[in-house]
Structures are given as C-alpha cells and as structure tokens.
Amino acid sequence: MIRVQTVAPDSLGAELGLVPGTELLSINGQPLDDFLDWEFLAADDAFLLHARLPSGDEIEYDIERPEDLPLGVALEPPRIRRCANHCDFCFVDGNPQGLRPALYIRDDDYRLSFRYGNFATLTNLKPKDVARIIAYHLSPLYVSVHATDTTVRRWLLRNPEAPPIVPQLREFAAGGIAFHTQVVLVPGVNDGAVLEGTLDDLYGLGEAALSVSVVPVALTEFSKHQLVRALTREECRAALDLVDRIAGRAMAERGSPWCWGSDELYLRADQALPPAAWYGEFDQRENGVGAVRWLETRIAAARPRLPDLGGRRIGVVTGAAMAPLFPAVLAGLAAATGGRYEVIEVANTLFGESVTTAGLLPGGAIVAALGGRADLDLALLPAEAVNDDGRFIDDLDAHDLAAAVPMPVMLSHDCADALTEVGTRNAERGTSETGSSAFRVRRSALGEGQG
Ligand code: SF4
C-alpha cells in the first residue's frame with residue numbers, strides 16, 4: 001500500500017478528488033507495494049485505480065487521461081529497505097551521535113540504486129525482487145561488488161548468507177539489466193590478487209558491466225580500527241597498477257578504460273590524475289571518480305558566462321581531500337573572472353580529520369571556519385554537503401549557516417554554477433556586486449554509507 005502526500009492543484013488527481021492521506025491500493029487489480037508499482041502501472045493512458053480515502057471510503061476510479069497529462073500526485077517517501085550486512089568499514093556504524101536520523105539507517109535498496117545511483121550490495125534480494133528488476137527494467141543499477149570471490153565478499157560484508165555476486169550479475173545481464181559497480185578496497189582483504197580476479201570477473205560479464213570504480217576504504221575516528229586500516233601509499237599504487245592493466249585492455253578492446261581509480265586513490269598514491277578525456281562521460285563522478293577533472297571541465301565550459309569580479313575575494317570551502325587539488329582549478333577561474341580565490345580547507349570536527357570529503361563537512365565546522373572572515377566578499381560551499389532539506393550532516397540548516405557568517409554564501413557543485421548565477425544577476429541589475437542576497441540553496445542528495 002502506498003499513500004498520497006500531496007496533490008497538485010488543478011491536476012487530474014485533484015479533479016478526481018484524491019487528497020493527501022489517500023491510500024492507493026491497486027491498479028487494474030494489481031496491488032501497489034511501492035512507488036515503482038505506481039510509476040509503472042499508472043503510466044498507461046487508461047487504468048482502474050482502487051483507492052481508500054482518509055474518510056475510509058473505498059473508490060474505484062476509471063481513469064482515462066490525455067497523453068502525458070500527469071496525475072499530479074506525490075507519494076509519501078518509501079520505507080527504505082535495510083541492509084543485511086555488517087561491514088567493518090560501515091560508515092553508518094561509525095557515525096557519532098547527533099547527526100540527522102536518516103544517517104543511522106543502513107540502506108541497501110535496489111530501488112534507490114536505480115533511482116538515485118546509490119550503491120547496493122543486492123544481498124537482500126528475494127526472487128520476486130529479481131523478477132521485478134527485470135520486469136520493470138531497472139537499469140542501470142549501481143552495485144557494490146567489493147570482491148567476486150564469494151568467501152572474501154562474505155567476509156567483507158560480514159554476511160555469511162551473501163549470495164555469489166557473479167551469477168547474480170549474470171542473471172541481470174541476461175535480463176537486459178546493466179550495472180555500474182564499485183570495489184571499496186580494504187588492505188589485506190580484497191586488494192592484490194583478489195582485486196585482479198574481481199576486475200577480470202567483472203570484465204568477463206561483458207557490456208552489461210558498464211564501469212568499475214576502485215575506491216580506498218574511508219574510515220572515521222569512530223570506525224573499527226582494530227579490524228580495518230587505511231591503505232598505505234604503496235598499496236594504493238599497487239591497486240592503480242591493476243586498474244591501469246585492465247583499463248589498458250578495455251581501451252584496446254572496447255574503446256573505453258571501463259575501470260577507474262577514484263581521485264582519492266591517486267591522491268593517496270601520490271600520483272597525478274589522468275586527463276579529463278580519460279573519464280569519458282564521468283559515469284562515477286558522484287563516487288569521487290574524475291571529480292577534479294570534471295570540475296575543470298565545467299569551469300572551462302562556463303568561461304564565457306563568468307562575471308568580472310574585479311579583485312573581489314572568494315573563499316571556496318572544501319574538505320582536506322580536495323584542498324590540495326583545488327589551487328590548480330581555481331587558477332583558471334581567477335584568470336577568467338579576475339577574482340581572488342582562497343581555498344578554505346575545513347577539518348571534519350564531527351567524524352575526525354581522517355574524513356576528508358567535502359560532502360561530509362558539518363555546517364558547524366564551516367561556520368567556525370568562516371566566522372571571522374569579514375575580508376571575504378563571497379564564500380562558495382560544497383552543495384553535496386546538504387541534503388534535500390537543505391541541512392548539513394550535523395542537522396544545521398543552510399539558511400541558519402548563511403545567517404551566522406559575515407559574507408554572502410552560495411552552495412555550489414562546481415564553482416562555475418554559482419559564479420554564473422552571480423554574473424546573470426549582476427547583468428540584470430547592472431551591478432558588479434557579489435551581493436548580500438547571494439545565498440541560494442541548491443538541492444543535492446547525500447550518499448549515505450559506502451554500500
Ligand atoms: S557499508 Fe553499506 S553494505 Fe556495508 S553494512 Fe554499511 S550500509 Fe551495509
């Protein structure tokens with residue numbers, strides 16, 4: 001059963017008398033379990049909808065709608081499917097107290113994998129889920145493989161029931177489902193020969209396996225350090241050698257590297273990042289693969305629309321992972337705008353300094369870093385650090401943050417987006433201000449856990 005959250009005014013749904021709280025029971029006699037059933041079954045131009053109004057009245061609607069006319073019905077959020085694993089490196093288990101409640105949920109949900117690109121292990125799939133993925137053609141999926149060796153994978157996931165992943169993926173491939181995959185690399189467990197075997201096995205799945213990312217395990221101050229440690233520089237280099245080997249083969253045979261190391265893997269290996277062209281469509285950018293090169297590409301593309309900032313001072317807030325890489329990116333931005341940029345590296349006061357990604361920066365740490373900086377004309381904050389409700393990981397509202405610091409702030413995915421907006425606004429007003437009304441909240445999903 002699914003329930004209506006809102007109904008758009010003047011929509012077909014409103015005309016039918018659907019109201020918030022209405023339970024949507026079935027379409028053409030087929031029960032509605034979740035939003036996927038609703039989206040797929042209600043996509044037809046004509047169908048019978050059985051619903052129960054908040055008054056308790058049950059009604060059957062015989063719906064016919066002109067092509068493409070939306071029903072205007074938004075559903076209550078789905079109940080998230082919980083994870084059946086207990087990885088030693090689980091981000092959620094390592095979360096300190098005081099975060100948004102959602103950050104304590106270990107999700108492993110194939111529906112969110114399809115919809116939002118969250119990585120899922122697929123260890124909690126039932127036969128009817130597999131059938132549904134194929135029937136609804138939920139492609140591509142994002143799958144945390146980690147290792148194709150079943151024993152190693154079960155060890156990593158701390159789940160003795162985890163089904164062998166290769167047959168699972170083979171079944172999806174045969175059903176027309178493609179997938180992006182990731183390997184979270186844990187030293188001494190799935191690196192070396194295990195990683196080599198994993199990459200070979202995934203490559204052997206053919207075109208359905210769209211990409212592989214190899215990502216070093218991320219640990220926080222609260223992780224189980226007695227069980228898992230970070231990779232050394234040499235281990236990162238060894239992993240990149242294996243990535244390069246399979247990528248070279250894929251380039252020769254398929255015309256794409258297919259397998260990428262994350263930016264952080266290069267950083268920890270103390271090796272230069274590949275050029276932007278190596279990343280193709282930046283398929284796994286959200287997973288930290290090619291994020292730096294993507295940023296450079298975006299800034300270069302926005303160059304004609306960037307404003308003249310005439311020496312104004314712009315602070316760019318980021319975490320320790322990106323901070324050493326940003327100056328090269330910002331040099332291009334300075335040349336294009338005449339602004340003076342400063343990287344403001346913020347330490348993660350919530351998880352500890354070992355957590356270096358900008359997406360996990362607590363709002364309170366950003367306030368502390370910017371609080372005394374009256375010399376800045378504008379600060380750009382990482383948009384990926386706020387969730388859909390505009391809240392940072394420590395539950396601080398982005399508007400409250402904006403009110404607590406002395407300069408205008410903007411959420412930004414790539415610097416170019418925010419500065420283009422400044423330029424557009426200045427052109428409309430005929431000014432060259434960065435402006436006290438510069439604050440904008442841009443929505444961004446925050447991936448939870450490492451899948
Ligand atoms: S890391 Fe992901 S798969 Fe592992 S226990 Fe946490 S949520 Fe589950």
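Every heavy atom of this structure was used, including side-chain atoms; hydrogens, water molecules and symmetry mates were not. Every number for a ligand or one of its atoms is a count from 1 in the order of the listing.
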Open item on the list: Filter on side-chain hydrogen bond (donor to acceptor under 3.5 Å, both in side chains), then keep only pairs touching residues 24-36, sequence neighbours left out; what's left?
Closed with: Asp34-Arg111, Asp34-Arg132
Open item on the list: So if I count the atoms of ligand 1 from 1 in the order they appear, which ones are less than 4.0 Å from some heavy atom of Arg106?
Closed with: 5 (S), 7 (S)
Task: Proximal ligand 1 atoms for Thr121, defined as those under 4.0 Å from one of its heavy atoms - done: 3 (S)
Task: Donor on one side chain, acceptor on other, Thr198 and Asn190, under 3.5 Å - done: no
- [ ] Using only heavy-atom distances, determine whether the side chains of Asp283 and Ser211 contain a donor-acceptor pair under 3.5 Å.
- [x] no
TODO: State plainly whether the residues Arg237 and Glu234 are in salt-bridge range, i.e. N to O under 4.0 Å.
DONE: no
Open item on the list: Below 4.0 Å, non-hydrogen atoms only: which portion of Cys87 touches ligand 1? Side chain, backbone, both or neither.
Closed with: both
Could you pull out every donor-acceptor pair under 3.5 Å between side chains of residues 199-208 and any protein atom, sequence neighbours left out?
residue : atom : partner : partner atom : Å
Asp201  : OD2  : Thr148  : OG1          : 2.6
Tyr203  : OH   : Glu253  : OE1          : 2.7
Tyr203  : OH   : Arg254  : NE           : 3.4

TODO: Please state whether the separation between atom 4 (Fe) of ligand 1 and some N/O/S atom of Cys90 is under 2.8 Å?
DONE: no
Open item on the list: Heavy atoms only, cut-off 4.0 Å: how does Asn85 contact ligand 1, side chain, backbone, both, or neither?
Closed with: both
